[in-house]
Amino acid sequence: HCAKHGHYPVRTMLALGRSIEIGSCPACIALADTERHGFESQMQQLAIDARLDRAGVPKRLRTRSFDNFEATTPEQKTARDVCVEYAKNFDAKLASGSVLILAGNTGTGKGHLAAAIAVSVLTNGNTAVFATAQEIVMLLRGSWGNRSEASELEILRMLCRVDLLVIDEVGVQFGSDAERNQLYAVIDGRYREQLPMILTTNLTPAKLFDVLGQRIFSRLREDGKWLPFDWGDWRARRISDVRT
């Protein structure tokens, strides 16, 4: 008899001349299993959240997935399918050092799909860093002369060793040759180690060449795939919907 769930069936066996009941309340066992699975799921989610924190994936982008990407046109479906394939076959991309450049206007979903790839990569046990180009420059610059923090070389090595580096908003941050050289050091380091990168940009190929310079652009182009996002700003559409 279970004080919580009432009577339940048991089996009996003879041992040393005594009849012994075998069995426990099945409802209690099921409840314990549910609680254990819930705890394990919670701990798994906490571990994933910690990995996303370390990777720098913005909270707003953590819920972005391939499933909730709005793909209503053939071009949008192609963009989603290319990114799904990249995430699904990341082991091959990691081995080849594949570069994927998501290029198009603001609000077209470049960051959405880049984040979806990063989350998929992290969830499957690989390492990744998600940062804007400006954040990378600031991170490297902030290490200058600061002995209490990681050195510029240590930061550079970290960026050049993670399995996947996502550089968001490339091309909007450059105002000096020093910034261009810092980004070159990161891209060149990953190029030499044959490690994959994903970049998002609002620029055309010609404009990106002018901004980055020949050295950076050449390395991106060698193993790179240019994926256009040639459609309107979905944020602007949502604002219009609210006004109507």
Side-chain angles (χ1 to χ4, degrees), residues 48 51-52 54-57 61 64-67 69 71 75-104 108-133 135-136 140 153 155-171 180-206 208-209 211-230:
I48 292 173
R51 291 176 68 86
L52 293 173
R54 291 193 298 270
V57 179
L61 295 180
R64 304 298 197 262
S65 69
F66 302 121
D67 292 335
F69 177 77
E75 294 78 11
Q76 291 168 343
K77 291 176 182 178
T78 295
R80 181 193 59 195
D81 292 346
V82 168
C83 292
V84 168
E85 188 276 333
Y86 193 101
K88 183 178 180 180
N89 298 300
F90 183 70
D91 287 345
K93 308 302 180 184
L94 181 59
S96 65
S98 176
V99 175
L100 183 60
I101 302 175
L102 313 183
T108 52
K110 303 183 302 297
H112 181 133
L113 289 178
I117 294 173
V119 171
S120 174
V121 166
L122 288 162
T123 303
N124 289 324
N126 293 100
T127 58
V129 168
F130 187 109
T132 67
E135 287 172 338
I136 289 175
L140 291 169
L153 181 58
I155 294 172
L156 182 61
R157 284 175 174 169
M158 179 273 292
L159 294 172
C160 293
R161 288 177 179 173
V162 292
D163 295 332
L164 175 66
L165 177 62
V166 179
I167 309 178
D168 197 22
E169 299 180 358
V170 175
R180 185 179 294 105
N181 289 336
Q182 286 173 321
L183 192 60
Y184 170 78
V186 173
I187 292 176
D188 181 62
R190 295 189 66 81
Y191 170 83
R192 287 186 285 108
E193 294 299 325
Q194 200 169 320
L195 289 170
M197 290 176 280
I198 295 175
L199 290 79
T200 74
T201 183
N202 299 336
L203 304 179
T204 63
L208 188 63
F209 178 91
V211 170
L212 296 181
Q214 182 177 2
R215 293 189 304 169
I216 299 178
F217 194 81
S218 175
R219 280 156 175 74
L220 295 175
R221 184 170 56 183
E222 180 172 335
D223 295 309
K225 179 182 181 69
W226 186 276
L227 185 61
F229 284 61
D230 295 331

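Atom set for the values below is all heavy atoms of this structure, side chains included, hydrogens, waters and symmetry mates excluded.
The backbone N or O of L122 sits nowhere less than 3.5 Å from a side-chain atom of N126 that would complete a donor-acceptor pair. No donor-acceptor distance shorter than 3.5 angstrom exists from the side chain of S120 to the backbone of A116, with no hydrogens or angles considered. With hydrogens and angles disregarded, a donor-acceptor distance shorter than 3.5 Å links the side chain of S96 to the backbone of A92. Remark: side-chain polar atoms of Y86 are paired, donor with acceptor, to backbone N or O of S98 under 3.5 angstrom. Between the side chain of R180 and the main chain of V211, a donor-acceptor pair closer than 3.5 Å is present. Checked by atom type and distance alone, the side chain of T201 pairs as donor or acceptor with a backbone atom of V170 at under 3.5 Å.
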Determine, stepwise, if the pair E169 / K110 fulfils salt bridge (charged side-chain N to carboxylate O under 4.0 Å, His left out).
-> CA-CA 9 Å; E169 299 180 358; K110 303 183 302 297; over 6 Å; no
Would you please test F209 and L203 for side-chain contact (heavy atoms from CB on, under 4.5 Å) and show each step?
-> CA-CA 9 Å; F209 178 91; L203 304 179; over 6 Å; no
Q182 and I136: CA distance, side-chain angles, deciding distance, side-chain contact (heavy atoms from CB on, under 4.5 Å) verdict | CA-CA 8 Å; Q182 286 173 321; I136 289 175; over 6 Å; no
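When side chains are defined from C-beta on, L113 counts as touching F229, because their heavy atoms get closer than 4.5 Å. W226 has its side chain within reach of L208: a pair of non-hydrogen atoms, C-beta onward, lies under 4.5 Å apart. Residues V166 and I117 form no side-chain contact, since every pair of their non-hydrogen atoms from C-beta on lies 4.5 Å or further apart. Residues Y184 and R219 meet the side-chain proximity criterion, which asks for heavy atoms closer than 4.5 Å. Counting heavy atoms from C-beta outward, I101 and P205 have side chains that stay 4.5 Å or more apart. Looking at heavy atoms from C-beta onward, V186 lies in side-chain contact with L156 at the 4.5 angstrom threshold. Looking at heavy atoms from C-beta onward, E135 lies in side-chain contact with T132 at the 4.5 angstrom threshold. In this structure, the side chains of L164 and I198 come closer than 4.5 Å at one or more pairs of heavy atoms.
D168 and T200 form a side-chain donor-acceptor contact under 3.5 Å, judged by distance and modelled atom types alone.
Annotation: the span from D223 atom CG to L100 atom CG amounts to 12.5 Å, rounded to 0.5 Å. Once rounded to the nearest 0.5 Å, the distance linking CG of L159 with CD1 of I187 reads 11.0 Å. Considering CG of N202 and OG1 of T108, their distance stands at 7.5 Å, rounded to 0.5 Å. Atoms CG and CD, from D230 and Q76 in turn, are 10.5 Å apart once rounded to the nearest 0.5 Å. Between the NZ atom in K88 and the CZ atom in F66 there is a gap of 11.5 Å [rounded to 0.5 Å].
Geometric assessment of R80 against the ring of F69 yields a negative cation-pi assignment under the 6.0 Å and 45° thresholds.
Taking all atoms of both residues into account, the shortest heavy-atom contact from L140 to I155 is CD2-CG2, 3.7 Å. Across all their heavy atoms, A128 and V121 have their closest contact at CB-CG1, 4.4 Å. Summarising the geometry of R161 relative to R190, their closest heavy-atom pair is N-NH1, 4.0 Å, with the distance given to 0.1 Å. The nearest pair of heavy atoms linking A118 to F130 is CB-CD1, 4.3 Å. Listed here is the closest heavy atom pair of L227 and C83: CD2-SG, 4.0 Å. For the residue pair L183 and A133, the shortest heavy atom distance occurs at CD2-CB, 4.5 Å.
A salt bridge is absent between D81 and K77: the closest approach of a Lys/Arg side-chain nitrogen to an acidic carboxylate oxygen does not fall below 4.0 angstrom. Using a cutoff of 4.0 Å between basic side-chain nitrogens and carboxylate oxygens, D188 and R215 are not scored as salt-bridged.
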